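What follows is a set of notes on a single structure, which appears directly below.
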Amino acid sequence: GNEKASKDEL
Amino acid sequence: MNIFRLAGDLSHLLAIIILLLKIWKTRSCAGISGKSQVLFAIVYLTRYLDLFTTYISLYNSIMKIVFIAASGATLYLMYVKFKATYDHNHDSFRIEFLLIPCVILALIINHDFTVMEILWTFSIYLESVAILPQLFLVSKTGEAESITSHYLFALGSYRALYLLNWIYRYMAESHYDLIAIFAGVVQTILYCDFFYLYITKVLKGKKLQLPA
(Lines give C-alpha, C1' and ligand atoms only; values in the text may rest on other atoms or scores of the structure.)
Protein backbone atom coordinates (compact mmCIF):
# COMPACT_ATOMS: atom_id res chain seq x y z
CA GLY A 1 0.00 0.00 0.00
CA ASN A 2 0.88 3.68 -0.19
CA GLU A 3 1.83 5.51 2.96
CA LYS A 4 1.18 9.28 3.29
CA ALA A 5 -2.14 9.48 1.53
CA SER A 6 -3.46 12.33 3.56
CA LYS A 7 -1.83 15.37 1.98
CA ASP A 8 -4.79 15.88 -0.34
CA GLU A 9 -7.07 15.93 2.71
CA LEU A 10 -7.95 18.82 4.97
CA MET B 1 -13.05 12.11 -2.96
CA ASN B 2 -15.54 9.68 -1.47
CA ILE B 3 -18.82 10.27 0.34
CA PHE B 4 -17.28 9.93 3.84
CA ARG B 5 -14.57 12.46 3.05
CA LEU B 6 -17.08 14.93 1.59
CA ALA B 7 -19.44 14.47 4.54
CA GLY B 8 -16.50 14.98 6.92
CA ASP B 9 -15.43 18.20 5.23
CA LEU B 10 -19.00 19.54 5.18
CA SER B 11 -19.41 18.65 8.84
CA HIS B 12 -16.18 20.53 9.61
CA LEU B 13 -17.37 23.53 7.61
CA LEU B 14 -20.77 23.40 9.33
CA ALA B 15 -19.10 23.39 12.77
CA ILE B 16 -17.09 26.49 11.95
CA ILE B 17 -20.15 28.30 10.57
CA ILE B 18 -22.29 27.36 13.60
CA LEU B 19 -19.64 28.76 15.93
CA LEU B 20 -19.27 32.03 14.02
CA LEU B 21 -23.06 32.49 13.78
CA LYS B 22 -23.54 31.71 17.46
CA ILE B 23 -21.02 34.36 18.48
CA TRP B 24 -22.30 36.88 15.94
CA LYS B 25 -26.04 36.45 16.63
CA THR B 26 -25.80 36.37 20.43
CA ARG B 27 -23.02 39.01 20.45
CA SER B 28 -21.31 36.73 22.96
CA CYS B 29 -18.67 34.04 23.13
CA ALA B 30 -19.73 32.78 26.56
CA GLY B 31 -19.12 29.05 26.91
CA ILE B 32 -16.54 28.96 24.11
CA SER B 33 -12.90 28.22 24.89
CA GLY B 34 -10.62 30.84 23.34
CA LYS B 35 -7.72 28.49 24.03
CA SER B 36 -9.19 25.75 21.83
CA GLN B 37 -9.78 28.37 19.13
CA VAL B 38 -6.14 29.53 19.37
CA LEU B 39 -5.02 25.90 19.02
CA PHE B 40 -7.24 25.40 15.96
CA ALA B 41 -5.78 28.54 14.38
CA ILE B 42 -2.27 27.12 14.95
CA VAL B 43 -3.45 23.80 13.43
CA TYR B 44 -4.72 25.47 10.24
CA LEU B 45 -1.72 27.77 9.86
CA THR B 46 0.86 25.01 10.27
CA ARG B 47 -0.98 22.45 8.12
CA TYR B 48 -2.07 24.66 5.25
CA LEU B 49 1.37 26.16 4.55
CA ASP B 50 1.31 23.91 1.49
CA LEU B 51 -1.14 26.40 -0.04
CA PHE B 52 2.05 28.17 -1.15
CA THR B 53 3.91 25.10 -2.37
CA THR B 54 1.49 22.48 -3.68
CA TYR B 55 -1.68 22.85 -5.73
CA ILE B 56 -4.08 19.95 -5.21
CA SER B 57 -7.45 21.22 -6.43
CA LEU B 58 -9.60 24.33 -6.39
CA TYR B 59 -11.84 22.64 -3.79
CA ASN B 60 -8.83 21.92 -1.60
CA SER B 61 -7.42 25.45 -1.81
CA ILE B 62 -10.77 27.16 -1.20
CA MET B 63 -11.56 25.00 1.84
CA LYS B 64 -8.12 25.68 3.33
CA ILE B 65 -8.51 29.43 2.83
CA VAL B 66 -12.04 29.32 4.31
CA PHE B 67 -10.83 27.42 7.39
CA ILE B 68 -7.96 29.84 7.99
CA ALA B 69 -10.19 32.89 7.43
CA ALA B 70 -13.00 31.57 9.65
CA SER B 71 -10.52 30.69 12.36
CA GLY B 72 -9.08 34.22 12.22
CA ALA B 73 -12.58 35.72 12.31
CA THR B 74 -13.48 33.60 15.35
CA LEU B 75 -10.36 34.77 17.20
CA TYR B 76 -11.13 38.38 16.27
CA LEU B 77 -14.70 38.10 17.60
CA MET B 78 -13.55 36.43 20.81
CA TYR B 79 -10.47 38.45 21.66
CA VAL B 80 -11.39 41.86 20.21
CA LYS B 81 -15.01 42.53 19.34
CA PHE B 82 -16.80 40.57 22.06
CA LYS B 83 -13.86 40.36 24.45
CA ALA B 84 -16.06 41.41 27.39
CA THR B 85 -18.15 38.24 27.06
CA TYR B 86 -15.18 35.88 27.02
CA ASP B 87 -15.20 33.44 29.91
CA HIS B 88 -11.60 33.93 31.14
CA ASN B 89 -12.01 32.36 34.54
CA HIS B 90 -13.33 29.01 33.33
CA ASP B 91 -11.02 28.81 30.30
CA SER B 92 -8.04 27.87 32.43
CA PHE B 93 -6.59 24.86 30.59
CA ARG B 94 -2.79 25.15 30.26
CA ILE B 95 -2.20 24.83 26.52
CA GLU B 96 1.57 24.41 26.88
CA PHE B 97 0.75 20.92 28.21
CA LEU B 98 -0.62 20.15 24.75
CA LEU B 99 1.71 22.24 22.57
CA ILE B 100 5.02 20.97 23.98
CA PRO B 101 4.24 17.22 23.76
CA CYS B 102 2.90 17.72 20.20
CA VAL B 103 6.13 19.49 19.15
CA ILE B 104 8.25 16.72 20.68
CA LEU B 105 6.12 13.94 19.18
CA ALA B 106 6.21 15.60 15.74
CA LEU B 107 10.02 15.77 15.94
CA ILE B 108 10.25 12.07 16.85
CA ILE B 109 7.45 10.42 14.86
CA ASN B 110 7.08 11.85 11.35
CA HIS B 111 7.25 10.67 7.76
CA ASP B 112 10.18 12.94 6.83
CA PHE B 113 12.52 15.18 8.80
CA THR B 114 11.79 18.35 6.82
CA VAL B 115 10.29 21.63 8.05
CA MET B 116 7.06 21.27 6.06
CA GLU B 117 6.56 17.64 7.04
CA ILE B 118 7.24 18.27 10.74
CA LEU B 119 4.81 21.22 10.77
CA TRP B 120 2.17 19.08 9.04
CA THR B 121 2.72 16.27 11.56
CA PHE B 122 2.60 18.73 14.48
CA SER B 123 -0.72 20.09 13.19
CA ILE B 124 -2.16 16.58 12.97
CA TYR B 125 -1.13 15.78 16.55
CA LEU B 126 -2.27 19.16 17.85
CA GLU B 127 -5.66 18.92 16.16
CA SER B 128 -6.32 15.61 17.88
CA VAL B 129 -6.16 17.27 21.32
CA ALA B 130 -7.10 20.89 20.49
CA ILE B 131 -10.66 20.40 21.74
CA LEU B 132 -9.52 19.55 25.29
CA PRO B 133 -9.63 23.17 26.61
CA GLN B 134 -13.23 23.39 25.28
CA LEU B 135 -14.26 20.10 26.90
CA PHE B 136 -12.49 21.25 30.08
CA LEU B 137 -14.48 24.50 30.05
CA VAL B 138 -17.75 22.59 29.61
CA SER B 139 -16.83 20.29 32.50
CA LYS B 140 -15.91 23.26 34.70
CA THR B 141 -19.16 25.12 34.11
CA GLY B 142 -21.08 21.81 34.10
CA GLU B 143 -23.21 22.72 31.10
CA ALA B 144 -23.22 23.86 27.48
CA GLU B 145 -25.75 25.82 25.48
CA SER B 146 -27.53 23.79 22.78
CA ILE B 147 -25.83 25.72 20.01
CA THR B 148 -22.41 25.01 21.55
CA SER B 149 -23.38 21.33 21.70
CA HIS B 150 -24.32 21.35 18.00
CA TYR B 151 -20.95 22.94 17.24
CA LEU B 152 -19.11 20.26 19.20
CA PHE B 153 -21.14 17.48 17.59
CA ALA B 154 -20.40 18.71 14.06
CA LEU B 155 -16.72 19.20 14.89
CA GLY B 156 -16.42 15.73 16.45
CA SER B 157 -18.31 14.05 13.60
CA TYR B 158 -15.86 15.45 11.08
CA ARG B 159 -12.90 13.35 12.22
CA ALA B 160 -15.11 10.31 12.83
CA LEU B 161 -16.23 10.57 9.18
CA TYR B 162 -12.58 10.88 8.15
CA LEU B 163 -11.94 7.55 9.88
CA LEU B 164 -14.56 5.97 7.59
CA ASN B 165 -12.90 7.78 4.67
CA TRP B 166 -9.54 6.24 5.59
CA ILE B 167 -11.05 2.74 5.85
CA TYR B 168 -12.64 3.29 2.44
CA ARG B 169 -9.40 4.60 0.93
CA TYR B 170 -7.43 1.70 2.33
CA MET B 171 -9.80 -0.76 0.70
CA ALA B 172 -10.34 1.11 -2.57
CA GLU B 173 -6.91 2.65 -3.16
CA SER B 174 -4.57 0.82 -0.75
CA HIS B 175 -3.79 4.28 0.63
CA TYR B 176 -3.16 4.91 4.29
CA ASP B 177 -1.31 7.31 6.57
CA LEU B 178 -0.60 5.87 9.99
CA ILE B 179 0.09 9.26 11.60
CA ALA B 180 -3.26 10.67 10.47
CA ILE B 181 -5.11 7.48 11.40
CA PHE B 182 -3.57 7.28 14.88
CA ALA B 183 -4.30 10.97 15.61
CA GLY B 184 -7.79 10.69 14.11
CA VAL B 185 -8.63 7.76 16.38
CA VAL B 186 -7.39 9.69 19.45
CA GLN B 187 -9.36 12.77 18.36
CA THR B 188 -12.58 10.80 17.90
CA ILE B 189 -12.18 8.96 21.22
CA LEU B 190 -11.95 12.32 23.04
CA TYR B 191 -15.45 13.17 21.79
CA CYS B 192 -17.09 9.85 22.73
CA ASP B 193 -18.27 10.98 26.14
CA PHE B 194 -19.69 14.15 24.61
CA PHE B 195 -21.37 12.20 21.76
CA TYR B 196 -23.12 10.07 24.36
CA LEU B 197 -24.44 13.12 26.24
CA TYR B 198 -25.42 14.81 22.98
CA ILE B 199 -27.48 11.86 21.77
CA THR B 200 -29.10 11.09 25.12
CA LYS B 201 -29.80 14.69 26.15
CA VAL B 202 -29.48 17.42 23.52
CA LEU B 203 -31.31 15.52 20.77
CA LYS B 204 -34.18 14.97 23.22
CA GLY B 205 -34.49 18.71 23.69
CA LYS B 206 -32.70 18.86 27.01
CA LYS B 207 -29.80 21.09 27.87
CA LEU B 208 -26.40 19.47 28.06
CA GLN B 209 -25.82 19.38 31.77
CA LEU B 210 -23.21 17.29 33.49
CA PRO B 211 -24.08 15.43 36.68
CA ALA B 212 -22.99 17.49 39.69
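The model shown is predicted, which means the values in this text are computed figures rather than measured ones. Below, read A as the first sequence line, B as the second, and so on, with proteins coming before strands; counting in each chain starts at 1.
More than 12 heavy-atom neighbours from other residues, nucleotides or ligands sit within 6.0 angstrom of CD1 on B:I65. Residue-environment remark: CG (B:D193) stays at or below the threshold of 12 foreign heavy atoms within 6.0 Å. Around atom OH of B:Y55, more than 12 heavy atoms belonging to other residues, nucleotides or ligands sit under 6.0 Å away. Heavy atoms of other residues, nucleotides or ligands lying less than 6.0 angstrom from CZ of B:F182 number 12 at most.
In this view, B:D9 and B:R5 satisfy the salt bridge (Lys or Arg N to Asp or Glu O under 4.0 Å) rule, not counting sequence neighbours. When the side-chain contact (heavy atoms from CB on, under 4.5 Å) test is applied to B:S92, the partners found at least two apart in sequence or on another chain are B:F136, B:K140. When the side-chain contact (heavy atoms from CB on, under 4.5 Å) test is applied to B:L10, the partners found at least two apart in sequence or on another chain are B:L6.
Interface residues of residues 36-53 of chain B toward chain A, defined by a heavy-atom distance below 4.5 Å and sorted by number: B:R47, B:Y48, B:D50.
Proximity of B:K64 to A:L10: side-chain heavy atoms (C-beta onward) are separated by under 4.5 Å at one or more points.
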Step by step, work out the side-chain contact (heavy atoms from CB on, under 4.5 Å) result for B:R169 and A:E9.
CA-CA 12 Å; B:R169 288 190 74 172; A:E9 294 174 349; 2.7 Å; yes
